[in-house]
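Worksheet: the structure to be examined is printed underneath.
Keep in mind the model is a prediction, meaning the values are calculated, not measured. The figures here come from the full heavy-atom set of this structure, side chains too, leaving out hydrogens, waters and symmetry mates. First the proteins, then the strands, lettered A, B, ... as listed; each starts at 1.
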Amino acid sequence: MYALVDGNNFYVSCERVFRPSLNGRPVIVLSNNDGCAIARSNEAKALGIKMGAPWFKIRHMEQEAGLVALSANFTLYGDMSDRMMSLAAGLGPSQEIYSIDESFIGLQGVRGDLVSRAFKVRARIHQWTGIPTCIGIAPTKTLAKLANHIAKTAERKPGSYPQMLAQVCNLATLPAQDLDDVLQATAVSEVWGVGPRIAKQLQDGGIRTVLDLTRMDTATIRRGWSVTLEKTVRELQGQSCIELDDAPGPKQQIACTRSFGKPMHELGPLVEAVSEFAGRAAEKLRKQNCLASELLVFMHTSPYRPGAQCSRSVVVPLRRPTDDTLALAQAAADGMRYMYVPGFRFIKAGVILVELQPASVQQWELDLEPLAHEDAATATTPRDRSRLMTAMDAINCRYGKGTVHSAATGKQGPKREWGMKQERRTPQYTTRLEDVPVVRA
DNA sequence: TCTGGGGTCCTAGGACCC
DNA sequence: TCTGGGGTCCTAGGACCC
């Protein structure tokens, strides 16, 4: 048995905790660069604002409907997420943190009434963090996701599922006929694992509701689609195929990519940008104790703008697997210089570290050449460099991101040419001393 | 006229998730 | 003027092996 605990409109809810005046109003949180809506309050959804809607297209609602748009404050959301997750963990013996706002809880061995237990955990999360949640309970993860969707919909649109409570939904104890009715009332596109593409194909084949999909023959699904969708159908039928992953392994790739605040056409700032991205990625790499053997750099023009497009990428093999910021920044800069072509307005670039391996596994090699040139140039040994990285991470952790950084990344702060647009950022209420709210008596 | 069988590995692309 | 970022998994097809 599984539960899925999910924060409602999570980013918006995080903002509302510290600005209660936003309650009851249509609020959205914008993606990086204030590009598009990535979280919407119920009131914003009611205005018809779609997930991913470009800000410039809905901006008029600011005046017309009192819409409030905020720049994403991921530092805040990450911290609020940690608090929410630690409380959600109280629901059962195991937990998989599936995304910033969702976790699956394994309920094996939990006694008593699961629904009342879920309501208690939900109330505690709300009281202690201010975040409203919904909880779905079912025999498989896919059904738990569905149950969560039903709990949310029942809350947001009262009467949509007359059989069900709002906020907490347990599909496991539902009488068979009621379960069929609920599955019949839910579109197949709501199923976890069915994206827009497959939803269209299913609908074209007359499979419109979750009940239709649940009743499909698994062999037919496998032949017509894939083993992935077959698992989804089996999960809907109550056969657990997707295990709880409560100890995810290290990531297989680490990316840092950004759209620019304005298009870039010169090489200089592009080199600075990817050097910076490489450094950020290297930090994440060290956090999971891995080395990268290859680095991929890419850049492209805006697909939304008319005219000639340019999209380039290059894989830079590394002489030795490394987690060194300076070596990775150098590789990223080399890659950028190699692939750069003048005459285009580049809107986005990024660095992806691939072929990762544990730092504990060391490939020995014959001593056929002196130290790599980057080491020789700075007259440091690999061990010095490793200590330097540890020191950098410690300083940046204590005094804030970017306190020390590679000089290749150019000047820091909002003045940088390629920096992103964030005109509506809220304070870092929980992670910056100066930003902590003050209560006055 | 007629050209095997069985396997692995890699890559690109497509689909999905939040 | 203005359209996010970071992941995972699967599959098909090609290269290559004996």
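At the heavy-atom level, A/K145 lies under 4.0 Å from the strands shown only through sugar-phosphate atoms. A/N32 comes within contact range of the sugar-phosphate backbone alone, with a heavy-atom separation under 4.0 Å but no base atom that close. Using a 4.0 Å heavy-atom criterion, one finds that A/D101 contacts the sugar-phosphate atoms exclusively. If you check every strand for non-hydrogen atoms under 4.0 Å, A/R305 touches sugar and phosphate atoms only. No contact: A/R59 has no heavy atom under 4.0 Å from any strand. Heavy atoms of A/K262 sit nowhere under 4.0 angstrom from any nucleic acid atom. Using a 4.0 Å heavy-atom distance criterion, A/I254 is classed as a sugar-phosphate-only contact. Using a 4.0 Å heavy-atom cutoff across all strands shown, A/K348 reaches sugar-phosphate atoms only and no base atom. Residue contacts shown for A/V191 are limited to sugar-phosphate atoms, with no base heavy atom under 4.0 Å away.
For the pair A/Q253 and A/V227, nearest-nucleotide mapping onto DNA chain C gives the more 5' position to A/Q253. Nearer to the 5' terminus of DNA chain C, by closest-nucleotide assignment, is the contact made by A/S259 (compared with the other of A/Q252 and A/S259).
With sequence neighbours excluded, the residues that form a side-chain contact (heavy atoms from CB on, under 4.5 Å) with A/S311 are A/H300. Listed by chain and number, the residues in a side chain to side chain donor-acceptor pair (under 3.5 Å) with A/D180 are A/R215 (sequence neighbours excluded). A search for side-chain contact (heavy atoms from CB on, under 4.5 Å) contacts involving A/T209 returns A/Q184, A/L211, A/D212, not counting sequence neighbours.
Here ring-ring contact (aromatic ring centres under 6.0 Å, His included) pairs that include residues 12-60 of chain A, with residues two or more places apart or in two chains, are A/F18-A/Y429. Identified under the salt bridge (charged side-chain N to carboxylate O under 4.0 Å, His left out) test for residues 5-14 of chain A, with sequence neighbours left out: A/D6-A/K152. Sorted by first and then second residue, the salt bridge (charged side-chain N to carboxylate O under 4.0 Å, His left out) pairs involving residues 235-257 of chain A (not counting sequence neighbours) form an empty list. Residue pairs satisfying the salt bridge (charged side-chain N to carboxylate O under 4.0 Å, His left out) criterion with at least one member in residues 127-140 of chain A, sequence neighbours excluded, are absent. Here salt bridge (charged side-chain N to carboxylate O under 4.0 Å, His left out) pairs that include residues 22-49 of chain A, with residues two or more places apart or in two chains, are A/R16-A/E43.
Remark: A/P196, A/R197, A/I198 in residues 196-226 of chain A come within less than 4.0 Å of DNA chain B through at least one heavy atom.
Side-chain polar atoms of A/T214 and A/Q237 form no donor-acceptor pair below 3.5 angstrom.
Looking at A/K145 and A/E102, a side-chain N of the basic residue comes within less than 4.0 Å of a carboxylate O on the acidic one, giving a salt bridge.
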Handout entry: Per-nucleotide pairing state of DNA chain B [Watson-Crick or G-U, under 3.5 Å; [ ] pseudoknot-crossing; | other strand]
Key = ....||||||||||||||

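Taking the C1' atom of each, C/dG4 and B/dC17 are spaced 15 Å apart, rounded to whole Å.
A 4.5 Å side-chain heavy-atom check between A/E230 and A/R234 finds at least one atom pair inside the cut-off.
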Identify every side-chain donor-acceptor pair in residues 332-351 of chain A under 3.5 Å, counting partners at least two apart or on other chains, and give the distances.
{"residue": "A/D334", "atom": "OD1", "partner": "A/Q330", "partner atom": "NE2", "Å": "3.0"}
{"residue": "A/Y340", "atom": "OH", "partner": "A/H265", "partner atom": "O", "Å": "2.5"}

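Using a 4.0 Å cutoff to heavy atoms of chain A, the contacted part of DNA chain B runs 5' to 3' from B/dA15 to B/dC18.
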